[in-house]
Amino acid sequence: MMKHQSVSASQDRITIRHVAKDAGVSIAAVSKVLRNAYGVSEVLRNKVETSIEKLNYRPSVAARGMRGRTYTIGVLVIELSNPFLAGVIESANAALSESNYKSLIGIGRSASSIEASMIESMIDNRMDGVLITAPRISGKVLERYARQIPIVVIAHHEPHAQTYDTVNSDDRKGAHLAVEAALRQGHRDIAMLSYDLLDSPPSVVAVQRETGYLEGMKQAGLEGKIIRLPPVAADRRSAIKNFLTSQYRPRAVFVWSDLDAVPLLNAARTSGVRVPEDLAIIGYDNSPPSAIPLVGLTSVDQNAAQLGRTAGEMLLSRIDGRENAQHVLIEPRVEMRGSV
DNA sequence: GCTGGTTGTGGATAGTTATC
DNA sequence: GATAACTATCCACAACCAGC
C-alpha cells in the first residue's frame, strides 16, 4: 500500500516529533516534559524546553483530545454587557488558568437554540468541561448535556440536580437583606421592582429574589408589593418612567438587578425625584457602575470573585473525576451607599 | 527506584484495494 | 465505473518495559 502525502499546511506545523528530533530524545520524553510527568531528569527537561522554545512548539489540541484532555474549557455566557457576569468570568478564568486550562467564551444571547448549539460545539471540540452562566437554560437541557461533559452552572438554582453542579449567590437571603437594610433606615413602604417572569421556574434568580423579598416583608409584618417591568430589557425605559410618575410610587424600592436599578436611579435624578429623600433605591449585584460616586447605588453584593473562583475550582474537580453533585450558595451582603 | 524508550490507542479522513 | 471495505496517517499520551 502506498503511503499517502499529507497536506502542506499540516507539514508546516511543528509537532512533538520535531521537538523530539531537535532535542535528540524520544517523543514520549517530550510528552512527559509537557505533562510534568514522573521520571524526567533535569538535563532532559532542559533539552526539551530549549527545543520547544526554539521551534515555538504548541501542542495540538485535536491530538490531545483523541487521548483524553484538551485543557480547554468552554464558557457560555448570556451576554457580555452585564458587568457583574464579567467579574464572575474573570475570577473563574483565573482559577482555571492556574491549572493550565484555557477558556473559550461563547455568547448565548438568551436564545435557547443558540445556547444549545454553543454547548454542542464545545462538546464536539472535545473541551474538558463547560461553565455556564445562562440563567434561563432549562434543567432538562442541562441534564442531557451533563451526561456528555462536566458542567458547572452559575446563576441557576437547581439544588437537587444530580449530574451537574451549581454555584449561586443565596438570592433569597440577598433579597431578605435588602429589605432589612431599608427597614433599618426607617422605611415601611418598600416595593420590589422585578420583571414579567412569564411562569419562570424557581431556578431563575429573579424568582428566588422575589421569594426572599416577600419573606422579608412578611417577617416585618408588612405586605409585599411587586411591580413588574416588561420581560424584554429594551422595553423597560418607558415603564421605569411610568413607575417614577405614578401616584402610587412607594417610598423605597428594591430592584431585582442593578441592570434596572442604575437606569432607575438615573431617570429619578434627571426627572427631579430626589434619591433617597423621595425614593430610596436598593439594587442587586453591586456591579461596578453602582460603585461610581456619582451613582452611589446601595446594592446587594453577590461576591462575584468568590462565585467565579468557586465555579472554576468545582469544574476542575469534576474534570478530575468527582461524580457527586455539589450545590454551593455564596453568602451575600449589602453594600450601603447614598441611594438609601 | 529512576530514567527514558517502545508500543498501542483514540476519531476522522484520504487513499487504496476488492467487489459488483 | 460505482460503491464498499479496508488501511495508513495524523498527533499526543498512557501503560508497560528495559537498562542502569
Side-chain angles (χ1 to χ4, degrees), chain A residues 1-76 92-106 108 113-132 141-152 163-165 312-324:
Chain A
M1 189 170 289
M2 262 182 69
K3 205 174 162 182
H4 62 262
Q5 298 290 312
S6 50
V7 272
S8 60
S10 64
Q11 280 178 332
D12 291 343
R13 183 181 177 111
I14 299 298
T15 68
I16 195 169
R17 205 177 295 276
H18 294 99
V19 176
K21 193 176 177 190
D22 186 79
V25 300
S26 71
I27 292 167
V30 180
S31 175
K32 282 183 180 178
V33 171
L34 289 171
R35 290 174 289 117
N36 221 1
Y38 171 82
V40 178
S41 69
E42 209 47 42
V43 176
L44 185 135
R45 179 178 300 280
N46 285 338
K47 278 200 283 189
V48 170
E49 285 177 348
T50 303
S51 292
I52 285 174
E53 198 167 332
K54 178 178 148 195
L55 299 173
N56 197 21
Y57 164 73
R58 295 189 315 280
S60 158
V61 173
R64 277 185 152 170
M66 280 195 274
R67 293 294 309 164
R69 290 191 187 182
T70 58
Y71 292 92
T72 55
I73 299 288
V75 178
L76 177 63
N93 204 33
L96 294 170
S97 63
E98 282 170 17
S99 297
N100 288 328
Y101 278 84
K102 290 187 174 67
S103 44
L104 300 174
I105 294 179
S113 60
I114 298 174
E115 288 167 351
S117 98
M118 286 279 175
I119 296 172
E120 283 166 5
S121 287
M122 289 165 180
I123 294 169
D124 294 345
N125 281 285
R126 297 177 164 278
M127 293 188 178
D128 295 334
V130 181
L131 207 58
I132 298 176
V141 171
L142 290 171
E143 289 276 357
R144 177 152 53 91
Y145 290 126
R147 290 191 206 104
Q148 302 172 57
I149 191 167
I151 290 179
V152 174
T163 52
Y164 58 90
D165 304 325
E313 289 169 354
M314 281 168 64
L315 186 56
L316 289 175
S317 71
R318 267 268 179 204
I319 291 168
D320 282 337
R322 176 176 55 80
E323 287 185 357
N324 61 312

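This is a predicted model, so every value here is computed, not measured. These numbers come from the heavy atoms of this one structure, side chains and all, not from hydrogens, waters or symmetry mates.
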When you get a sec, tell me which of [options] is the closest nucleotide to the side chain of [X]?
X	options	result
R126(A)	dG4(B), dC11(C), dG11(B)	dG11(B)
L34(A)	dC13(C), dG5(B), dA12(C)	dC13(C)
A29(A)	dC13(C), dG11(B), dG5(B)	dG5(B)
S60(A)	dG5(B), dC13(C), dC11(C)	dC11(C)

In whole Å, what is the span from the [atom1] atom of [X] to the [atom2] atom of [N]?
X	N	atom1	atom2	result
N125(A)	dA12(B)	CG	P	12 Å
I16(A)	dG4(B)	CD1	P	15 Å
R64(A)	dT9(B)	CZ	C1'	17 Å
I27(A)	dG8(B)	CD1	P	14 Å
K21(A)	dG4(B)	NZ	C1'	20 Å
I123(A)	dG11(B)	CD1	P	16 Å
R17(A)	dA12(C)	CZ	C1'	10 Å

By nearest nucleotide on DNA chain C, pick out whichever of Y71(A) and K32(A) is the more 5' one.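 Checking each residue's closest nucleotide, the 5'-ward one belongs to Y71(A).
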
What distance separates N324(A) CG from D165(A) CG, expressed to the nearest 0.5 Å?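 Here the rounded value is 8.0 Å.
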
Nearest 0.5 Å, please: how far is CD1 in I123(A) from CD in Q148(A)?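 Reported value, rounded in 0.5 Å steps: 4.0 Å.
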
With sugar-phosphate meaning primed atoms plus P, OP1 and OP2, does R45(A) contact a base, only sugar-phosphate, or nothing at under 4.0 Å between heavy atoms?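 Here R45(A) touches no strand at all.
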
Using modelled atom types only, decide if a donor and an acceptor are shared between the side chain of S31(A) and the backbone of I27(A) within a distance under 3.5 Å.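 Checked: no pair found.
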
Distance-only polar pair, side chains of T70(A) and R126(A), donor-acceptor under 3.5 Å: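 Judged by distance alone, the side chains do not pair up.
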
